[in-house]
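Order of appearance sets the numbers: ligands from 1, and atoms from 1 within every ligand. Everything numeric in this text was worked out from a predicted model, so none of it was measured.
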Amino acid sequence: MFSLINPDGTVRDRLPVTLEEMRGLYADMVEARAYDHKCMALQRQGRLATYAPFEGQEASQIGAAAALRADDWVAGTYRDAALMWRSGYPWRLLIAGRTGDERGGSPPDDVNVLPPSITVGGHMIHAVGLAWAEALKGSDRVALTSFGDGATSEGDFHEAMNFAAVYGTPTVFLCQNNGFAISYPRSEQTISESIAMKADGYGMPGVQVDGNDVAAVLTVTREAIDLARKGGGPSLIEAVTYRLGPHTTADDPGRYRDEDEALAWRERDPLQRVRLLLERAGGWAPDWQEELETKATTRIEEAVAEAEALPEPNLEEMFGRMYEEPTGPLQDQLDEAGNE
Ligand SMILES: Cc1ncc(C[n+]2csc(CCOP(=O)(O)OP(=O)(O)O)c2C)c(N)n1
């Protein structure tokens, strides 16, 4: 498994970024965690619908996003808010989406990030299509698709991987292996020794990386993107990480996993190791931490206020996002809803 930063903050090899860039990645992870904690609290207050926390997976998401170009495509899941935000999707729309507001699913036109996929695996196909379209148009954009370990047992994973490999589409498959698909452990999900090795069967490179190591994730994602951008086709990355929280706010992980395991993974916290690294390099101080947390909280609070201040959506907005022109059955449903 490829890694660069040890849990104690010592470094194994040359880092792919400067100290200042590492401070930036750390700041992003702090902001992402602030968002995650805030959303858990909002859901408990009844202000958000079900929420899927990503605590513990910040390095996988921020590291991968940092390797992308602003105009590349991103197709992720309900658990990928940090990846999506770092790729341009505003917090306020992610929050709005979680309140059930359809407008949360429409990012600004210049943001090439799809709304989060709730359908496990379905968006991998979209990412392959986007990448193929870019290749056919002669652009050098790539598409990165992120998904969980459980999603690799979906038919869509096979179809997407096979098509991408056969047509050499510039797609980067990022599997965040966080140990579980709801209550189903990774060891029972697939008997393959690793998820990365599944790449062999499709004829593409596969790499396993420490998903709690932001520098390592950035390095392997950058390599996969460089390869795709210069016409070398798709790759599969398995970022080995752990979901510290529940599957969603509707889940109780105490029923299917030993909480000592979660505690052990807290020792491998992706933020802590970068903090320790920065501290060793003279790039961290308690007042800077405080400043980061204050800034992050302010930004998230502003995003919540903006999402909650959106005027009530109208019925047309609920129906109008799927097709250019409404289909007959959709129009009937709209008419019926309007008459209620
Ligand atoms: C096609 C499909 N089947 C089942 C579900 C219900 N479901 C939601 S999340 C989930 C588990 C996904 O696990 P994994 O891919 O490992 O991602 P994680 O939630 O751990 O990030 C399932 C089965 C769904 N949303 N879509």
Taking Arg86 for its side chain and Asp28 for its backbone only, find out whether a donor-acceptor pair lies under 3.5 Å. no
Give every residue pair that meets the salt bridge (Lys or Arg N to Asp or Glu O under 4.0 Å) criterion with at least one member in residues 153-177, sequence neighbours excluded. none
List in chain and number order the residues that pass ring pair (Phe, Tyr, Trp, His ring centres under 6.0 Å) with Trp91, two or more places apart in sequence or in another chain; answer none if no residue qualifies. Tyr35, Trp85
Report each N/O pair between ligand 1 and the protein that falls under 3.5 Å, naming both atoms.
from     : atom 1 : to     : atom 2 : distance (Å)
ligand 1 : 15 (O) : Gly150 : N      : 3.3
ligand 1 : 15 (O) : Ala151 : N      : 2.9
ligand 1 : 16 (O) : Asp149 : N      : 3.2
ligand 1 : 16 (O) : Asp149 : OD1    : 3.3
ligand 1 : 16 (O) : Gly150 : N      : 2.7
ligand 1 : 16 (O) : Phe180 : O      : 3.2
ligand 1 : 17 (O) : Tyr78  : OH     : 3.4
ligand 1 : 19 (O) : Tyr78  : OH     : 2.7
ligand 1 : 19 (O) : Arg79  : NH2    : 2.8
ligand 1 : 19 (O) : His247 : ND1    : 3.4
ligand 1 : 20 (O) : Asn178 : OD1    : 3.2
ligand 1 : 20 (O) : Asn178 : ND2    : 3.0
ligand 1 : 20 (O) : Phe180 : O      : 2.8
ligand 1 : 21 (O) : Arg79  : NE     : 2.8
ligand 1 : 25 (N) : Ile118 : O      : 2.8
ligand 1 : 26 (N) : Val120 : N      : 3.1

Check each of Asp149, Thr241, Asp80, Thr77 against Gln176 using the side chain to side chain donor-acceptor pair (under 3.5 Å) test, and report the only one that passes. Asp80
side-chain contact (heavy atoms from CB on, under 4.5 Å) partner of Tyr26, the single match among Leu278, Ile62, Val214, Leu277: Leu278
Taking side chain to side chain contact (heavy atoms under 4.5 Å, CB included) as the definition, give me every residue that meets it alongside Ala151, ordered by chain and number, with sequence neighbours left out. Val120, Met124, Phe147
